[in-house]
Amino acid sequence: MNLFADFSEIIRNELTAMAVESGIALPLDTTRVTAEPPRDSSNGDLSTNAAMVLANQFGVRPPELARRLMSRLRARDGVATMDVAGPGFINIRLTPEVWPRVLDSALRLGDNYGRSTLGGGRKANVEYVSANPTGPLHVGHVRGAVFGDALAELLAVTGYQVTKEYYINDAGAQVDTVARSAHLRYREALGEAVGEIPAGLYPGEYLKPVGEALAKEFGASLAAKDEAEWLAPVRERTIAMMLQMIRDDLAALNIRQEVFFSEKSLHDSGEVAETVADLRAAGHVYQGRLPPPKGEVPPDWEDREQTLFRATAFGDDVDRPLLKSDGSYTYFASDVAYSRNKIRRGFKELIYVLGADHGGYVKRLEAVAAAIAGPGQVEVIVRLCQLVKLFRAGEPVRMSKRSGEFVTLREVVDEVGPDVVRFMMLFRKNEAPLDFDFAKVTEQSKDNPVFYVQYAHARTCSVIRNAEGEGIQPAQPDFSLLSDPAELALMRRIGEYPRLVEAAAVAHEPHRIAFYLYDLAGDFHALWNKGKESPHLRFILRNDVARTTTRLAFLRAIRYVLANGLRILGVRPADEM
RNA sequence: GACCCCGUAGCUCAGCUGGACUAGAGCAAGUGCCUUCUAAGCACUAGGUCGCAGGUUCGAAUCCUGCCGGGGUCGCCA
């Protein structure tokens, strides 16, 4: 049961019926009609703007339309009282039986409470992380990794057919560089004194095991050969090992993408060449010159003719080069081929989770999809994640990327655990910068949102355990016994959950789930605390079986919502703290 | 020069994709209470011209335009 969606439909149906009676031309545009909880619950349980939005179409003033709509809604199930407020809101107070139905539905659906069919089975591809396979994931990757994973789950529970994907940049110069770096470590493993790692190569210690593995596999046979001979096999081994390390790191965060897509495979299969040929055949490719960039012109800029994709015809700011001057394909060319591959696999939504420094990619990705699939055929959604700043008890953690001394994803996860990392990464809008303080996020106090939410879940579990321990038998609950304002607030909150999940999915904003859970936990803790002052509000009342069993059922409903929300975020609901 | 993101209480941020009568939390501050069915507390108070100026609208923190301030990006790299 989705209270607000149900009412929204009832209201739309009534409006349509009214339009028919009044001889107003159908179809009636009800897209802007809402049914939502009012900000202030003293205005009722549900309010609609229908009269204000449709007054023009009906040719009457909003209050008049509101009265006509109200007279039809009066007979509906669940409506207790209604009034017209302000410029024409209809505020509806629901009958007390509605909340029991909400709780019944949460209990009946259990793990499925909050799922929806919004996506209608549309195929969505969520690509995230996609870090170059040249080293371990560092803290800069954490946010996108968690965000992408939670977004994928959010879409999955709202009826999309989701594929979680990682694009491996295994075709460019950087993987050659990491292969050379690994070869040096290989020589080192063979006993050679290699000294300082030269500038331009990867200095990280993590390549030592790669060198040792190469030495074990190849003996000394690669040491004497020319680079032309050893580069390919060393590169292949190195990438495979780097990728394994990356997958292990992601697994530590409970992230398991089902597709790891190789850029190199697009070249090997000829898809890049095909893609360029297709674009050419469609008239989207030409030889031309680009104007120099405004502002800071690179010192090595030279005006030259190149093979360009007419991205500007699809909304991009400039046309994009497909071929380098040596005739090989640009990174962009394989990117286009990759988009084409996704589109051919049937995805209708291409979702990219990128760092904020990739903001410039949005238009070109949209342009590519439009050129290949046809305008409006697939939806490109890019979400940019801002930087994470690390702190240790208030002091910023210093990092130097140049020397290879960066904080790795693994270090963060090992120190505070995957649940804390995941929750904190999602407890902020993705495009806002985020501060992550190791001390604060592990603190066991009300000021730590992860703890606060986890503890709410653990608390529900513990009370249920205690009740079982006391031999209290589950029985048919009578939710009409729940009438305290704190209890009603919780019921309302539970009723909002399905609507909230859908709204978060539409907006592609998993952080809304995290904030909702924080509020829900707050409502629950508030009710709990009220039980200290007012013992009759406690969950277990030894002399009142009816209330106790009812409240235990209530508790189970709360627990489902907490657990379901946490599951979307990929945070394990703790049974005890 | 262009494009993207951000600018809401002292601090950190929400604000449900335009809604109202008092713009919300948390921290910090002030006052009082508390030793608790699961413990790492509770209640109340104070605090904001929603960066600035216009505009659209019955109605704007939310949409449009222009400024100001902060961050990011801008041809063969990936």
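A note on names: the letters A, B, ... follow the listed sequences, proteins ahead of strands, and every chain is numbered from 1. None of these values were measured; they are calculated from a predicted model.
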Inset, instruction - Using a heavy-atom cut-off of under 4.0 Å over every strand shown, decide if A:Pro87 touches base, sugar-phosphate, or nothing. - result: base
Legend entry - Contact nearer the 5' end of RNA chain B, comparing A:Arg459 with A:Leu500: A:Leu500
Inset, instruction - Check every strand shown and say whether A:Tyr518 touches a base, only sugar-phosphate, or nothing at a heavy-atom separation below 4.0 Å. - result: sugar-phosphate
Inset, instruction - Classify the nucleic acid contact of A:Pro535 as base, sugar-phosphate or nothing, counting any heavy atom under 4.0 Å across all strands shown. - result: nothing
Inset, instruction - In whole angstrom, give the distance that lies between atom CG of A:Leu520 and atom C1' of B:G26. - result: 17 Å
Inset, instruction - Select base, sugar-phosphate, or nothing to describe what A:Asn91 touches, counting heavy atoms under 4.0 Å on all strands. - result: base
Legend entry - Which residue lies more 5' along RNA chain B, comparing A:His525 with A:Asp519 via nearest heavy atoms: A:Asp519
Legend entry - Inter-nucleotide C1' distance (B:C58, B:G19), Å rounded: 10 Å
Inset, instruction - Name the closest nucleotide to the A:Ala173 side chain, picking from B:G19, B:C77, B:C37. - result: B:C77
Legend entry - Rounded distance in Å between the P positions of B:A61 and B:G15: 16 Å
Legend entry - Aromatic centroids of A:Phe515 and A:Phe427 separated by under 6.0 Å: yes
Inset, instruction - Round to the nearest Å and state the distance from A:Lys530 atom NZ to B:G41 atom P. - result: 21 Å
Legend entry - Nearest-Å distance once atom P is located in both B:U36 and B:G48: 40 Å
Inset, instruction - Scan A:Phe332 against the nucleic acid and name what it touches under 4.0 Å (heavy atoms): base, sugar-phosphate only, or nothing. - result: nothing
Legend entry - Minimum-distance nucleotide to A:Arg499 side chain [options: B:U17, B:C6, B:G15]: B:U17
Inset, instruction - Could you state the atom-to-atom distance from CG of A:Leu384 to P of B:G72 in whole Å? - result: 14 Å
Inset, instruction - Remember a base hit wins even if backbone is also touched, and classify A:Gln306 as base, sugar-phosphate or nothing at under 4.0 Å, heavy atoms. - result: base
Inset, instruction - May I ask you to verify if any side-chain N or O of A:Arg428 is less than 4.0 angstrom from the OP1 or OP2 atom of B:C13? - result: yes
Inset, instruction - May I ask you to verify if any side-chain N or O of A:Lys532 is less than 4.0 angstrom from the OP1 or OP2 atom of B:C33? - result: no
Legend entry - Plane angle bin for A:Tyr455 and A:Phe451 - parallel if under 30°, tilted between 30 and 60°, otherwise perpendicular: parallel
Legend entry - Nearest to side-chain heavy atoms of A:Val53, which nucleotide of B:G19, B:A39, B:C5: B:G19
Inset, instruction - Please tell me which of the listed nucleotides, B:C16, B:C37, B:G41, lies nearest to the side chain of A:Phe539? - result: B:C37
Legend entry - Whole angstrom value for the distance that separates P of B:C42 from CG of A:Asp523: 13 Å
Inset, instruction - Please work out if A:Gly531 contacts a base, only the sugar-phosphate, or nothing of the nucleic acid, heavy-atom cut-off 4.0 Å. - result: nothing
Inset, instruction - Can you tell me the distance, in whole Å, between the CZ atom of A:Arg465 and the P atom of B:C37? - result: 17 Å
Legend entry - Span that lies between the C1' atom of B:G7 and that of B:C13, in whole angstrom: 13 Å
Inset, instruction - Kindly check if the number of other-residue, nucleotide or ligand heavy atoms within 6.0 Å of CZ (A:Arg61) is above 12? - result: no
Legend entry - Residue A:Thr330, side-chain heavy atoms: nucleotide from B:C77, B:A20, B:C37 that is nearest: B:C77
Inset, instruction - Provide the distance between the two C1' atoms, one in B:G26 and one in B:A14, to the nearest whole Å. - result: 10 Å
Legend entry - Residues A:Arg542, A:Glu470: salt bridge by 4.0 Å N-O rule: yes
Inset, instruction - Measure the acute angle between the ring planes of A:Tyr452 and A:His525, then classify it against the limits of 30° and 60° as parallel, tilted or perpendicular. - result: tilted
Inset, instruction - Ignoring the backbone of A:Glu36, work out which of B:G19, B:A39, B:C5 is nearest its side chain. - result: B:G19
Inset, instruction - Please state how far atom CG in A:Asp437 lies from atom P in B:C11, giving the value in whole angstrom units. - result: 19 Å
Inset, instruction - Cation-pi check, A:Arg320 to A:Phe309: give yes when NZ or CZ is under 6.0 Å from the six-membered ring centre and within 45° of the ring axis, no otherwise. - result: no
Legend entry - Whole-Å gap separating C1' (B:U36) and CG (A:Leu537): 15 Å
Legend entry - Spacing of the C1' atoms in B:G24 and B:C5 (rounded, Å): 24 Å
Inset, instruction - Would you please enumerate the stems RNA chain B participates in, each stem being three or more consecutive Watson-Crick or G-U wobble pairs with both distances under 3.5 Å? - result: B:1-7 with B:68-74, B:10-13 with B:24-27, B:29-33 with B:41-45, B:51-55 with B:63-67
Legend entry - Nearest-Å distance once atom P is located in both B:U45 and B:A23: 15 Å
Inset, instruction - Using a 4.0 Å heavy-atom cut-off across all strands, classify A:Ala507 as base, sugar-phosphate, or nothing. - result: nothing
Inset, instruction - Evaluate whether atom CG of A:Asp268 has more than 12 neighbouring non-hydrogen atoms of other residues, nucleotides or ligands under 6.0 angstrom away. - result: yes
Legend entry - Sidechain N-carboxylate O distance under 4.0 Å for A:Arg512, A:Glu509: yes
Inset, instruction - Establish, yes or no, whether the cationic atom of A:Arg383 lies under 6.0 Å from the six-membered ring centre of A:Phe147 and within 45° of the ring axis. - result: no
Inset, instruction - Measure from the side-chain heavy atoms of A:Ala503 and tell me the nearest of B:C42, B:C16, B:G19. - result: B:C16
Inset, instruction - For A:Gln444, report the nucleic acid contact type (base, sugar-phosphate, nothing); a contact means any heavy atom under 4.0 Å. - result: base
Inset, instruction - For the residue pair A:Tyr329 and A:His267, categorise the inter-ring angle as parallel (less than 30°), tilted (30 to 60°) or perpendicular (more than 60°). - result: tilted
Inset, instruction - Would you tell me whether A:Ser328 and A:Asp326 have side-chain atoms, one donor and one acceptor, within less than 3.5 Å of each other? - result: yes
Inset, instruction - Ignoring backbone atoms, establish whether A:Lys429 has a side-chain N or O less than 4.0 Å from OP1 or OP2 of B:G15. - result: yes
Inset, instruction - May I ask you to verify whether the side chain of A:Asn448 and the base of B:A40 hold a donor-acceptor pair under 3.5 Å? - result: no
Legend entry - Distance in angstrom units between A:Lys363 NZ and B:C3 P, rounded: 7 Å
Legend entry - Whole-Å P distance, B:G71 and B:U12: 15 Å
Inset, instruction - Decide, applying a 5.5 Å centre-distance limit and a 30° plane-angle limit (both strict), whether A:Trp528 stacks on B:C37. - result: yes
Inset, instruction - Choose from B:C37, B:U73, B:A40 the nucleotide whose nearest atom is closest to any side-chain atom of A:Phe451. - result: B:A40
Legend entry - Given B:C37, B:C5, B:A14, the nucleotide with the shortest approach to the side chain of A:His511: B:A14
